[in-house]
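These notes concern the structure reproduced below.
Along the sequence shown, residues carry numbers from 1. Counting starts at 1 for both ligands and their atoms, following the listed order. Hydrogens, waters and symmetry mates play no part in the numbers below; they use all other heavy atoms, side chains included.
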Amino acid sequence: MNITIIGTGYVGLTSGTCFAEVGHHVTCVDNNQEKIETLLRGEIPIYEPGLADLVKANVDSGRLKFTTSTEDGVKSGDIIFIAVPTPPQPDGSVDLSFIEKVAREIAECLTPELGYRVIVDKSTVPVKTGDKVKQTVRRYAPDGVEFGVVSNPEFLREGCAVEDLLHPDRIVIGSNDEKALALMQKLYEPFVAPVLVTDINSAELIKHAANSFLALKISYINAVANICEASHADVEKVAEGIGMDKRIGRAFLNAGLGYGGSCFPKDIKAFIAISESLGQPFDLLKEVERINADQMNRFLDKIREKLWVFRDKKIALWGLAFKQNTDDVRESVAIRMAKVMLKEGARVIANDPQAIATAKKFGEFEGEIDYTPDMYAALDDADALVIATEWPQYANADLTEIARRLRTPLVFDGRNLLDPADTKAAGLEYECIGRAAVDAS
Ligand code: UDX
């Protein structure tokens, strides 16, 4: 099928590429000329495992094209995806101005001669946005234009976006238009995944409700971790024990510094705002946010407890990205922690396998922060090691080398990556989250 994706951000670029990979002809549109030129040169503006090779292969095969012209995209695509940013506003509600603008632009390019078009919202949007898109297109399109509007939320995770797109747990297609639903089902035929067809409002709600539930799982286990600490229990065992219940599951029960990234913090805030605007306040989610924010502060207190003061201390920081396998530092707890430590007078020397460049560009550090691409070099003469991101290379670190290089053998593991008994054997003083039972043994 011929499809168009408007917006070549994370979701637009990766989903467009994967649609091309399964055999569709895809035109990706972006109004950022520089970005399109970069993509036309075969360069990818983000770090996402496997994506660069896939873009190249599909551009070479002629199934994936890039352009700045919305008109070309609307002409060539029977199905037109909107995948533009939906940033938060200061009150937590979603800024839908990019969606509105693209809906208008699409409308202005539509003509009755083009025939029926499906307009799909892939960006994460509040419930009832589809209705607004429909109204807007109807208002700005010439008379006689035929179209249907669909919500098709995207559930990809950064760091494994290609895998998530090619092999999703489920595909959600929401529309009140039968013709649009039939075309969408045809589009997804090459994918081996269950398809859930719903009305448009339910599809929009599924995305916010799913992300909020995952964030709730994380805050839940973090609250349990704090109880474990106070009662000398081990949160890893507790998570294993509750996760063995098939109704609960072990995934997203990793206690640590809490969630960050471009989705969870924004989506939880948006869902709170949406529920309030509908007169159904969802206060449980406020508690999820509160626990998440406290997690970093509690951890910093733990470090202060041992170091006494940050001033003039050299801190080796392992991790800048908001999670492993990405260079994304948006809403990264690692970055937020580094800022507090700097503010309190510490010298921070940071390592990250992918996110040093993005941290330099977007970290907005007021003080000086040093970076090293060598995780062990960060430790030389440092007063403590702080682990903030769950990269596998940190989990597999050489503990003897850590002990040898640190000035004082203090390790604060904000992601529970290391084994407490092993750290003890290596002569390290080790602090983690919710594993008091193991620390005490
Ligand atoms: C998330 C959703 O998983 C995805 O479905 C949606 O489309 C976008 O938002 P993403 O933000 O890429 O994806 O990352 P995810 O793997 O969900 O992790 C989010 C945050 O939660 C990270 O900061 C991670 O460190 C943290 N996390 C995750 C935990 O603290 N504990 C866990 O058990 C899992």
Side-chain angles (χ1 to χ4, degrees), residues 9-12 14-15 18 46-49 51 83 85-86 122-125 152-165 167-172 203-204 206-225 235-236 238-240 242-243 248-271 288-289 291-296 299 318-337 352 354-355 387-392 394-395 413-417 432-434:
Y10 230 106
V11 168
T14 43
S15 46
C18 291
I46 48 175
Y47 169 77
E48 182 60 43
L51 183 62
T86 48
K122 215 170 209 348
S123 307
T124 302
V125 293
N152 173 219
E154 184 45 62
F155 301 98
L156 67 83
R157 289 162 299 170
E158 293 185 15
C160 42
V162 171
E163 174 63 22
D164 282 353
L165 274 156
H167 307 285
D169 284 355
R170 80 302 210 181
I171 292 157
V172 175
E204 289 169 338
I206 285 169
K207 175 68 199 230
H208 271 126
N211 271 4
S212 299
F213 191 80
L214 291 169
L216 181 141
K217 264 188 116 173
I218 297 170
S219 280
Y220 185 87
I221 200 65
N222 281 333
V224 170
V235 72
E236 299 292 312
V238 175
E240 201 181 327
I242 57 181
I248 299 174
R250 174 65 181 81
F252 277 69
L253 288 179
N254 295 323
L257 291 167
Y259 59 79
S262 65
C263 292
F264 283 173
K266 165 176 93 92
D267 290 352
I268 279 73
K269 278 201 167 40
F271 206 28
V288 167
E289 282 190 315
I291 294 169
N292 198 55
D294 272 6
Q295 235 16 48
M296 179 187 87
F299 193 65
W318 278 4
L320 290 162
F322 83 95
K323 65 167 199 181
Q324 78 282 23
N325 295 331
T326 181
D327 64 353
D328 197 338
V329 296
R330 284 177 287 178
E331 297 283 332
S332 165
V333 191
I335 300 273
R336 257 189 285 138
M337 272 208 313
D352 192 285
Q354 290 296 334
I387 306 177
T389 308
E390 56 273 56
W391 283 97
Y394 300 156
D413 180 359
R415 296 290 175 181
N416 284 354
L417 299 184
C432 49
I433 290 176

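Under the rule for a salt bridge (Lys or Arg N to Asp or Glu O under 4.0 Å), D267 has no partner lying at least two apart in sequence or in another chain. Applying the salt bridge (Lys or Arg N to Asp or Glu O under 4.0 Å) test to E163 and every residue at least two apart in sequence or in another chain returns nothing. Shown here are the salt bridge (Lys or Arg N to Asp or Glu O under 4.0 Å) partners of R157, two or more places apart in sequence or in another chain: D164.
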| side chain to side chain donor-acceptor pair (under 3.5 Å) assessment of Y10 paired with E48 | CA-CA 9 Å; Y10 230 106; E48 182 60 43; 2.4 Å; yes

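Enumerated by chain and number, the residues approaching ligand 1 to less than 4.0 Å through a heavy atom are E154, F155, L156, R157, E158, K207, N211, I218, F252, L253, N254, G258, Y259, G260, C263, F264, F322, K323, E390, R415.
Under a cutoff of 6.0 Å and an axis angle of 45°, R170 and F155 form a cation-pi pair.
In summary, E240 and R250 do not engage in a salt bridge, as defined by a charged side-chain N under 4.0 Å from a carboxylate O.
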